[in-house]
Structure formats: C-alpha cells, structure tokens
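All remarks here apply to the structure that follows.
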Amino acid sequence: MGENIFKKELDRETVFRDKDAISPHFIPKELPFREKQINEITKNLAPALKGKKPNNLFLYGKTGSGKTVVTKHVTGELMDYAKKNKEGVKCFYVNCRNHNSKYKVMIKAVKEAFPEENFLGYSAGFIHDKLIEFINEGKQLVMVLDEIDKVKDLDELIYSLSRSNDEVNKGGLSLIGISNNLMFKDRLDPRTKSSLCEEEMVFPPYNAEELRAILKQRVELAFKKGTVEETAINLTAAFAAQESGDARTAVMLLQRAGEFADSKGVSIVGEKEVEESKKKVEEEVIFNMISTLPEQQQLVLKAIADLSLHSKGIRRITGREEFGVLYSGEIYDRYKDFAKNYNLNVVSSRWYRQYINELEMYGLIVTTSSGKGIKGQTRLIKLGFDAKKISNAIEKELER
DNA sequence: CCTCCACAGGAAGCGCAGGAGT
DNA sequence: ACTCCTGCGCTTCCTGTGGAGG
C-alpha cells in the first residue's frame, strides 16, 4: 500500500550499471584476441577507400567466435572514415536468416543505396538496374551477408552480383559472407565458390582464459563496481569453454546471473547465481528441443519418462545396480498405449527403433547394449535428464 | 551344442507433398 | 496449369547377434 508500483520497480536495487553492455547484441569498442582478424579484414577493405573493389571475403567460425561482432566493428570504422572524408563507400549488413532469398537481399541492398525511396513490389530486373545505377556513380558498396548459408538461391545471387561488377565501369560491389557451417560451401556451384571465397578467414573458438578476459571487460562496462565476484566470472568462462568456446552464451549466462541476483534482491553476483542461470538455460534448451520434436517422438520420450518415474527403478545390470534403466521392448509397449490414448497412430517397431536412435543423437536419452543377465539382445535405455521435468514439458506440448 | 528369445538394423518399396520443368 | 521427379516418413521383410535355457 502507498507507493506507486512503477516507482517501486524503478527504485529497485540492481547490480547493473549499463545492462545493454552485457546483451548479446552489444558491440564493444575493444575486441580482445581478434586483432589478427580485424587487421586482415581492414587490409582487405582498405582499397574501397581508393575507389578499388575489395576482394570478396568468406568468414567461417563456430557460433560465438566473434565473426559478426568483428565484421560490424570494422565496417563501422570504415563508414566513419568514409563519412569524414566524403568517400563514396557504403557498407550494409544483412542477416540472411530473415532475408533468405536473392530478391530479399537485393531489395535490402537498394534500400540501403537509396534510403528515401521504396522498392517493395518492384521487379527483380528493376532492382538490379537500380543497384547498377548506384555503383556506376563511382561508389563502392560492401555487403555483409551474415548466415549466408541460409540464402536459398545463393548461386544466383552471387552470380548476378559478380555480373553487376562487369557491367559497370566505375565503382564496385564486394561482399563479406559469414557462416558457421563449413559444409555448405561444398553444395555451391564451383564458380560461386571461387567468387565468394576470394579471401577466407577462420575464427577459432575462444578458450577459457580468453573467455575470462572478455567477460571481465564486459563486467566492467555493464555491472556496478564490485557486484560480480571473480569466482563467478571464472565459473562462467569454464562453463562456456566446455560448450565449444561460445562467447555469446558466456555473456548471456552472466547477464542472466545478474538478473537472478536482482530478482532475489541480492547485491552480489556469485557462483551460486551463475549455476542457477546455467540450470535455467539448460532447461530452456531441453524444452526447446522437446517442442521441436515430432509428436511421435514426444510420445516415445514420454513413455520413457513415465516408465522411469513409475517403475521400481533399480535394476541389476552386469552385477551393478543401476537406476532408471529400461528395456527397449517395454518402452515400445508403453508408447503404444500412449499413442492409443491420444488417438494417434502407432508406428511399427522398426520405426520406433529409428526414433530411439534419433533421441539418442539429440542427447535426450542414453543407450547401451544389453550384456549378461538379460535374455536376448536388447538396448538398455536411460533418460538423459530429469524424468519429471521432461514429463512435464511433454505434457504441455501434447495439450497444444 | 543347439535352439529360442528379444531384439538390432539393413534393404526395398510404398504413398504422399512439394518443388522443378515445360 | 500440367506433369514429372524427388525426398521423406514409414511399413514390410529379412538377416544378424549375443546370451539364456534345456
């Protein structure tokens, strides 16, 4: 009673100083351990300032290895310089997850070139001509295509872009392609490949020590002084290093840990908060996995969860006693019951085995071949995560 | 040792949807 | 707009495998 709820919310104690600085989209001024990559990209793009077309560039590296952030940093600097010196250089960034076709990318490009005009609905030919017109004024256009593997007709896109360069006598168009999928290059037309990969660069994952330094830098920007314990940073770095050196998840983990501290009204972020936030992230990952699973696989998983909850639990396997181990056959029987209850069709046992294999690949279950003590040959199946949580998650999904 | 059990997983083929070709 | 093709999810059929039990 009394105090306004918004005032209360705003007055709330927080460990953050500038929360943006720990969001995954933030681009820090300093990018440690990426000097080499920054230099190379800079060297590659510099000719644009002298009116020469830079080489096309292909950047590869796992998620959270700094590809996007480094590229945005360098192109930002380039634009700064160009603006001050009135050079005819323009950079723009496209995430191909949202712009996943040649047409969409081209639209984005001309919109960038002529910001005051609207091009939606125009023919592909018109768009192409418009782009040529822009470059022909002697300008250099640098396109950054993030997640470039998501473009459906990439061969055509790259072909028509490189053809554009032949059609103009001044100016040029170059691109920086970014991907975390190295395999996708093999699916490309050889000409596309050689055009896109005039220069290539690999971004290695960060190790624990590097992650620690990155986190420290971000903590300084985003958190109030003394609110984050050293051990919390170390633990976060260790977690993220385990998970393939992804700096983005590291940053997210710490952000969440801070939010946890705030919501609990604690003024210091310690190991406990980091652990809690990791647990939460993991749960979300599991839930996301389950919700993208086909209905039938959800049923199989539910059968496994249900049996591990309600069976006697302990079984004697090769002398040892193990908890929550199930036979393939009993799971199939339970699955059939579930499917009938939900009025869904029942797949054959052969296909059920296929499901089991896939669930194992996703890491949701663990399987072993049966050994001594069990008649016949079967697979022993165990849930990879807490049965109750999985069971609840599937329950929610099935009541869609 | 042989047979049976309780499966594992390969091969072939079927029906269907959605994209390419014309 | 039409066919044709291809990939996908699935069933059917089949052979293989390691231990239990007589």
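Worth knowing before you read on, the calculation uses all heavy atoms, side chains too, and leaves out hydrogens, waters and symmetry mates. Each chain gets a letter, A, B and so on, in the order the sequences are listed, and its residues count up from 1. Source: prediction; values computed, not measured.
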Any base atoms under 4.0 Å from A:S348, or only sugar-phosphate, or nothing? Heavy atoms, all strands. base
Please determine, by modelled atom types, if A:Q217 and A:E30 share a side-chain donor-acceptor pair under 3.5 angstrom. no
Counting primed atoms, P, OP1 and OP2 as sugar-phosphate and everything else as base, the B/S/- map of nucleotides 13-22 of chain B against protein heavy atoms under 4.0 Å is ----------
If only side-chain N and O atoms of A:S328 are considered, is one of them under 4.0 Å from the OP1 or OP2 phosphate oxygen of B:dA8? yes
Once you round it to whole Å, what is the distance between C1' of B:dG9 and OH of A:Y352? 14 Å
Could you tell me the boundaries of the chain A footprint on DNA chain C, defined by atoms under 4.0 Å from its heavy atoms? C:dG9 to C:dA20
Set of residues satisfying side chain to side chain donor-acceptor pair (under 3.5 Å) with respect to A:Q242, sequence neighbours excluded: none
Please give, in whole Å, the distance from B:dC7 C1' to A:E330 CD? 13 Å
Under a 3.5 Å cutoff, is there a donor and acceptor pairing between the side chains of A:D155 and A:T192? yes
Please tell me which of A:K375 and A:R379 maps to the more 5' nucleotide of DNA chain B, matching each residue to the nucleotide holding its nearest heavy atom. A:K375
Flag for A:Q296-A:Y335: side-chain donor and acceptor within less than 3.5 Å: yes
B:dA6 P sits how many Å from A:I331 CD1, rounded? 16 Å
Sequence neighbours left out, what passes side chain to side chain contact (heavy atoms under 4.5 Å, CB included) with A:V142? Give chain and number order. A:L45, A:C91, A:S174, A:I176
Between A:G376 and A:I381, the residue closer to the 5' end of DNA chain B by nearest nucleotide is A:G376
Here the distance between atom P of B:dG9 and atom CH2 of A:W351, to the nearest Å, is 13 Å
Scan residues 227-239 of chain A for pairs that pass salt bridge (charged side-chain N to carboxylate O under 4.0 Å, His left out), counting only residues two or more places apart or in two chains. A:R212-A:E230, A:K216-A:E230
Show your working on salt bridge (Lys or Arg N to Asp or Glu O under 4.0 Å) between A:R256 and A:E276 and close with a plain yes or no. CA-CA 9 Å; A:R256 274 163 182 278; A:E276 259 177 275; over 6 Å; no
Counting any heavy atom closer than 4.0 Å, what does A:Y332 reach on the DNA or RNA strands: base, sugar-phosphate only, or nothing? nothing
Rounded to whole Å, the OH-P distance (A:Y355 to B:dA8) equals 16 Å
What's the shortest heavy-atom distance between A:E199 and A:N55, and which atoms? OE2-ND2, 3.1 Å
A:E156: what forms a side chain to side chain donor-acceptor pair (under 3.5 Å) with it, not counting sequence neighbours? none
Base of B:dG10 paired with side chain of A:R353 (donor-acceptor, under 3.5 Å): no
Would you mind reading off the distance between A:Q377 atom CD and B:dC5 atom C1', rounded to a whole angstrom? 11 Å
Quickly work out the A:L380 CG to B:dC7 C1' distance and round it to whole Å. 11 Å
